[in-house]
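Here is the structure we will look at.
Here the structure is a predicted model, which means the values were calculated and not measured. Quick note on labels: first sequence line is chain A, next is B, and so on, each numbered from 1. Side chains are part of it too, since the values below use all heavy atoms of this structure and drop only hydrogens, waters and symmetry mates.
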Amino acid sequence: MRFRFTQTAIDTAEARGELLDLGAGGYVSFEGWVRDHNEGQDVIRLEYEAFQELAVKEGERIVAEALRRFPVRHALCIHRVGTLALSDMAVWVGVSSAHRGEAFDACRFIIDEVKHRVPIWKKEHYRSGDSGWVNCERCAAAPHHGHHHEPAVSPVHK
Amino acid sequence: MRFRFTQTAIDTAEARGELLDLGAGGYVSFEGWVRDHNEGQDVIRLEYEAFQELAVKEGERIVAEALRRFPVRHALCIHRVGTLALSDMAVWVGVSSAHRGEAFDACRFIIDEVKHRVPIWKKEHYRSGDSGWVNCERCAAAPHHGHHHEPAVSPVHK
Amino acid sequence: MQLKIQYYAVMREQAGRSEESLETSAATPADLYGELIVRHGFTLTREQLKVAVNSEFSDWSRPLSAGDAVVFIPPVAGG
Amino acid sequence: MQLKIQYYAVMREQAGRSEESLETSAATPADLYGELIVRHGFTLTREQLKVAVNSEFSDWSRPLSAGDAVVFIPPVAGG
């Protein structure tokens, strides 16, 4: 399983161990951390929710695509679900490769695709007491700003 | 000190801790591992040697350049010296950033520049009993192949 | 026929439930969403959603069969 | 004048030492390397090296002063 979920803190040392390979000279990892602000609001915690049956299939497809597109050795992605506090790790991607360039490319490909294709949602809770589901602008009907914008928030006032 | 040397195993957990930041949503790290082959030869161990007085200055300049060029929060590079076995970590780079794209760019910039500019050398010891200092082709007088080739080896037969 | 609908995230909150079984004559996911948007007052238009049938992405025009499990997928935000 | 030369990596092996103090009339690092390539039989040409004086990268034509510490830097291979 090259894409999986966890309800508890991601064990990056264990995950990295799965990528060790005597033929690998480069290893790149990405961690997504819960930060204290988004779109001008003070964030105090997040909730992640996933449609896991489909998400693990789509996640596996993304990692398999990365392994086909880039000549890397191993790749793995772990996503956390549930309630996360500031600076908690929400997602981890690791790639080992003979050469470093491909490891960077594959790692970035995986996190970009996971963020856009895998059915996972996050609800931000703000210091103000409001909360909102974070939406990918690329997926929204309007306005269309292209692919590289930051997430926007659909406020769901309590 | 955002660039430093160690004679012992790189403590990545401690190093990552120096980059934590509540405003950072993305963290990218690179590890260079000793692999079991190079240029068709079976490698059994490596020795890294540095001109440390100049290397730490040049390394600091590289990290400072990365922090100027890319809007990231923190960056750090640690290089090991001495004798390394297969799969040992020779170098670590970590970058934390509000957004992930810049963290990938800055991390890659730092490792690329460190490999090309910092006075560190490695001697490969081969299963055959031979050994050789690894040279960057980009730095060699001839032939010029551009910037993205793999290291070549200057054999120093015993 | 009987269908099973599962709700996640903003859809779950707006539907006020995680899943329901529904007796419907909807022939496709598009028809089904047309029924449910009235019933639950969803704010997202079909164009903002994707749909999955039996845990795989699906066309909106795929014919539905009795027992199918349908999920409407709002814009994702993993990572 | 007296200079201090430090050797690393392949230069150290070919010189058979890590450093030496040398009485020389070499006016520049380029002149100095011309002396040392004969003395130690270095295989690398000046074009393949960089040079540092007092722990900072230097031009080959910089004037040397008594007490300067010079390092010839073969192609690097960190990482």
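- Residues forming a side-chain contact (heavy atoms from CB on, under 4.5 Å) with B:Asp42 (at least two apart in sequence, or on another chain): B:Arg127.
- When the candidates B:Val91, B:Leu46, B:Leu54, B:Val34 are compared by the number of heavy-atom contacts under 4.5 Å with chain D, B:Leu54 comes out ahead.
- Note: B:Pro119 leads B:Ala90, B:Pro119, B:Gly32 in heavy-atom pairs under 4.5 Å with chain D.
- Proximity to chain D (any heavy atom under 4.5 Å) is shown, for B:Ala55, by neither the backbone nor the side chain.
- Only the side chain of B:Glu58 comes within less than 4.5 Å of a heavy atom of chain D; its backbone N, CA, C and O stay farther away.
- Looking at heavy atoms from C-beta onward, D:Tyr8 lies out of side-chain contact with D:Ile73 at the 4.5 angstrom threshold.
- Listed options D:Ala9, D:Ser55, D:Pro74 were ranked by heavy-atom pairs under 4.5 angstrom with chain B; first place goes to D:Ala9.
- Looking at B:Tyr48, only its side chain comes within 4.5 Å of chain D, counting heavy atoms on both sides.
- Side-chain contact between B:Leu19 and B:Val95 is absent, with no heavy atoms from C-beta onward closer than 4.5 Å.
- A distance of 12.5 Å separates CG of B:Asp88 from CZ of B:Arg45, quoted to the nearest 0.5 Å.
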When you look at D:Asp31 and D:Glu35, which way does the side-chain contact (heavy atoms from CB on, under 4.5 Å) test go after all the steps? CA-CA 7 Å; D:Asp31 291 349; D:Glu35 268 184 37; over 6 Å; no
